[in-house]
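Encoded as structure tokens, the structure appears first; notes follow it.
Note on naming: letters A, B, ... go to the chains in the order of the sequence lines (proteins, then strands), and numbering restarts at 1 for each one.
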Protein chains: 4
Amino acid sequence: MRADARRNRERLLAAAEEVFAELGTEASTEEVARRAGVGIGTVFRHFPTKEQLLEAVLVARVAELADRAEQLTAAADPGRAFFALLDAVVAQARSRQTLSEALAAAGVDATAAAAPAKARLRAAAEQLLRAAQQAGAVRPDVGGDELMALMVGIARTAEQTAHDPELQARVSRLLVDGLRPAQRGSGSAPASPR
Amino acid sequence: MRADARRNRERLLAAAEEVFAELGTEASTEEVARRAGVGIGTVFRHFPTKEQLLEAVLVARVAELADRAEQLTAAADPGRAFFALLDAVVAQARSRQTLSEALAAAGVDATAAAAPAKARLRAAAEQLLRAAQQAGAVRPDVGGDELMALMVGIARTAEQTAHDPELQARVSRLLVDGLRPAQRGSGSAPASPR
Amino acid sequence: MRADARRNRERLLAAAEEVFAELGTEASTEEVARRAGVGIGTVFRHFPTKEQLLEAVLVARVAELADRAEQLTAAADPGRAFFALLDAVVAQARSRQTLSEALAAAGVDATAAAAPAKARLRAAAEQLLRAAQQAGAVRPDVGGDELMALMVGIARTAEQTAHDPELQARVSRLLVDGLRPAQRGSGSAPASPR
Amino acid sequence: MRADARRNRERLLAAAEEVFAELGTEASTEEVARRAGVGIGTVFRHFPTKEQLLEAVLVARVAELADRAEQLTAAADPGRAFFALLDAVVAQARSRQTLSEALAAAGVDATAAAAPAKARLRAAAEQLLRAAQQAGAVRPDVGGDELMALMVGIARTAEQTAHDPELQARVSRLLVDGLRPAQRGSGSAPASPR
DNA sequence: TATGAATGAGTCTTCATTCAT
DNA sequence: CATGAATGAAGACTCATTCAT
């Protein structure tokens, strides 16, 4: 029976993510139940409050990103690794509109539920940041707080431009370029060698 | 009585802005009425739909920014003028959380009502951008589309960090620095001389 | 100034009739004002209550019919005159959907305002009825009460079939035929020589 | 739980019929809920729209009449059977003021929901009509369209005179007498031997 | 444990009526 | 007298949450 329950939980989470991404946070709980193929009662058994359901979705988002960050921690090129994390942020935002809300929750809100995932993400991200800075790939005057806030900004902006991938890429590059050291050689060429 | 009506309209707009900033877009029309000190019927006389009320608020926001941009158009130093516009975006976002929604509406939505204000903002912003680029203060590979999207991103991020002005300033600088030309002399110093 | 006021009253009455016929009794007073080209306040100055406005419209309807009935009183052929009144009922119902409500009000309700018009209509109609009965054109076992109720029924039914004039004519004839004497000669032909 | 739901649906339908008959079609949904002893939400769960609730009531009315008509189809005396149907119309109208609106809906509107009941009523009524005509009890120059329209007229008129059963009976007889053949024997006696 | 019917507070919106100009 | 802005009660409808089955 536990297996059944767990499967329902997964289905609900997936459905909720889909629904909230599609219809926004104001979508009804009933719609989530329908999409998950369960009764309304089941939703409330698993997530006693709509808020808790939303929270669970957002936590899942952040956790994915934390996974990715921890994974990148083992990469060879620190600069590449760091910017790959930012790419992941953009990529997630592209597909799911709930990401920025998730990140916002992780960065600002002190929701108990989000805390662990947030902590993991922050730890790994800071590690990537420091390594990249030591390698000279990122400005030295950037700290963890800025990084977290920046990730939110990047995600929000990426969502905003989700309709035009070309534009999205250009804008994301601009935002990210602010992190690079002022000076990367010579020329007057723009600063995105990637 | 026209005077009375106009005053009420102003009051309503102000109250609506305040309420939506404070409680989000989902705040009730009744709350707006209460805050404005008028009956519910008065709100609907002036703005026949909640959507139209919201629209009016957002348009006002964008219009303010457009005013500022047009004003900056006459400034002496093109680089300074351009970045001053971005400062204005941050400043607005600091005080009112509805700005980014307003900008999003202006940049993406094709709301008829927002169109004129949006057009003004874009025209002035592009003029500032081009001048700044010619003066070598901004990367040449940035266009109007990116600029509009970026303004949304800056506003969103600024809102996110509204609780910590220090952090907000640092993050905003990072975002903005992505717009500067890669190269401004020598040193390895970070790129925000301001 | 009195002339002005009277003209406004006429315009309002005309507009109200039009509006109520078109949109039903639930149409808003504001719509009536708009159609009459006056302010809302003016409507309420002339008719302190929506109910009174409606009443006035209905009374006007009944009064017209009473006029017609009184006029027919002077006709040569009593049978013809009587059935001409019923024709007038159908004709009115054809053009204005408010008639049956008006007649209903006149027949059943004891609205003070409707009383005089109702009384006139009834007096004239009964006179026509008695004359027609004496001429052998109408069943003798029909009284004023039945006649008034029947007029309502005819009007209601006529409204119901307003979309199909052909059908309306046939049904009206059926209803009216019930009033003719059972037997007027021989044949098995139906009883509508008209 | 299905049992519970069904019982509530019945209660709602009954309450709605009562309420609409008493207070008219403009009665509030809330009143229906109160009368049925359920919460407002329950009304809207069963009938997602006020219109649908009304429709359901009207359909039920027409269906009852259709039942009666079909039942009469098996009667021995065709004339008696036919006029018994008209009696049923009057009887229903006596107790419930919503009947005529129901019949109107069935006769004129093309509401999808009412269609089946309407079709049944019309089929049975026409069968009764034809049989009565063949038996010489009803004028031959009457068709289904007139019959349906006439039923509406009868119902409307019956409602109008609901306050005075005596008068109602007399008026109904008049209306119905229009359907009898012109010639039913001899005398100058009025034509309602029943 | 899953289900979905029931609940009712809360939302937007309409409209008759009042009243300051 | 006319105007039309203001008012607020009332109505249809939604939705998170509870609970009987």
Side-chain angles (χ1 to χ4, degrees), chain A residues 1-2 4-5 8 12 26-34 36-54, chain B residues 1-9 12 26-33 36-53, chain C residues 1-2 4-5 8 26-34 36-54, chain D residues 1-9 12 26-34 36-53:
Chain A
M1 279 300 133
R2 195 112 326 148
D4 235 47
N8 265 344
L12 275 169
E26 308 298 321
S28 83
T29 313
E30 197 111 25
E31 176 64 29
V32 173
R34 204 174 310 134
V38 304
I40 247 280
T42 305
V43 184
F44 278 85
R45 168 168 291 275
H46 285 280
F47 306 93
T49 278
K50 190 193 181 179
E51 208 182 343
Q52 285 175 57
L53 173 56
L54 248 171
Chain B
M1 187 127 305
R2 194 113 324 146
D4 240 47
R6 185 163 307 161
R7 193 171 60 232
N8 265 340
R9 197 177 193 277
L12 275 170
E26 309 298 323
S28 85
T29 311
E30 202 120 6
E31 177 63 29
V32 173
V38 304
I40 240 286
T42 303
V43 185
F44 279 88
R45 162 169 282 270
H46 286 279
F47 306 95
T49 278
K50 191 193 178 179
E51 206 183 343
Q52 284 175 57
L53 174 56
Chain C
M1 283 300 133
R2 195 114 325 146
D4 235 48
N8 266 343
E26 309 299 321
S28 82
T29 313
E30 197 111 25
E31 177 63 29
V32 173
R34 203 173 310 134
V38 304
I40 247 280
T42 304
V43 184
F44 278 85
R45 167 167 290 274
H46 284 280
F47 306 95
T49 278
K50 190 191 181 180
E51 207 182 343
Q52 285 175 58
L53 173 57
L54 249 171
Chain D
M1 186 126 309
R2 194 112 325 146
D4 239 47
R6 185 163 309 162
R7 193 171 58 233
N8 264 341
R9 197 178 194 279
L12 275 169
E26 309 299 323
S28 83
T29 311
E30 202 119 7
E31 177 63 30
V32 174
R34 203 174 310 134
V38 303
I40 240 287
T42 303
V43 185
F44 281 88
R45 162 170 282 271
H46 285 279
F47 306 95
T49 278
K50 191 192 178 179
E51 207 183 344
Q52 284 176 56
L53 173 57

Mind checking the [atom1]-[atom2] spacing from [X] to [Y]? Nearest 0.5 Å is all I need.
{"X": "C/I40", "Y": "C/F44", "atom1": "CD1", "atom2": "CZ", "value": "5.0 Å"}
{"X": "B/H46", "Y": "B/N8", "atom1": "NE2", "atom2": "CG", "value": "5.0 Å"}
{"X": "A/L53", "Y": "A/T49", "atom1": "CG", "atom2": "OG1", "value": "10.0 Å"}

Integer-rounded Å distance: [N] [atom2] and [X] [atom1]:
{"X": "C/L54", "N": "E/dT17", "atom1": "CG", "atom2": "C1'", "value": "16 Å"}
{"X": "D/E31", "N": "F/dA12", "atom1": "CD", "atom2": "P", "value": "11 Å"}
{"X": "C/L53", "N": "E/dC15", "atom1": "CG", "atom2": "P", "value": "15 Å"}
{"X": "A/E51", "N": "F/dT17", "atom1": "CD", "atom2": "P", "value": "9 Å"}

May I ask you to verify if any side-chain N or O of A/T29 is less than 4.0 angstrom from the OP1 or OP2 atom of F/dC15? no
For F/dA5, does either OP1 or OP2 sit under 4.0 Å from a side-chain N or O belonging to B/N8? no
Inspect the surroundings of CD in D/Q52 and state if more than 12 heavy atoms from other residues, nucleotides or ligands are less than 6.0 Å away. yes
Tell me, which stems hold DNA chain F, with a stem being 3 or more Watson-Crick or G-U pairs in a row and both distances under 3.5 Å? E:2-21 with F:2-21
Quick check on DNA chain F: between B/I40 and D/A27, whose nearest nucleotide comes earlier from the 5' end? B/I40
Closer to the 5' end of DNA chain F via nearest nucleotide, is it B/G37 or D/E26? B/G37
Name all residues meeting the salt bridge (Lys or Arg N to Asp or Glu O under 4.0 Å) criterion together with C/E31; count only those two or more places apart in sequence or in a different chain, and write none if there are none. C/R34, C/R35
On DNA chain E, nearest-nucleotide positions of B/S28 versus A/E30: which is more 5'? A/E30
D/D4 side chain near D/R7 side chain, heavy-atom distance below 4.5 Å: yes
Do A/T29 and A/F47 have side chains that get closer than 4.5 Å, going by heavy atoms? no
Close approaches to DNA chain F from residues 41-50 of chain C, in residue order (heavy atom, under 4.0 Å): C/G41, C/T42, C/R45
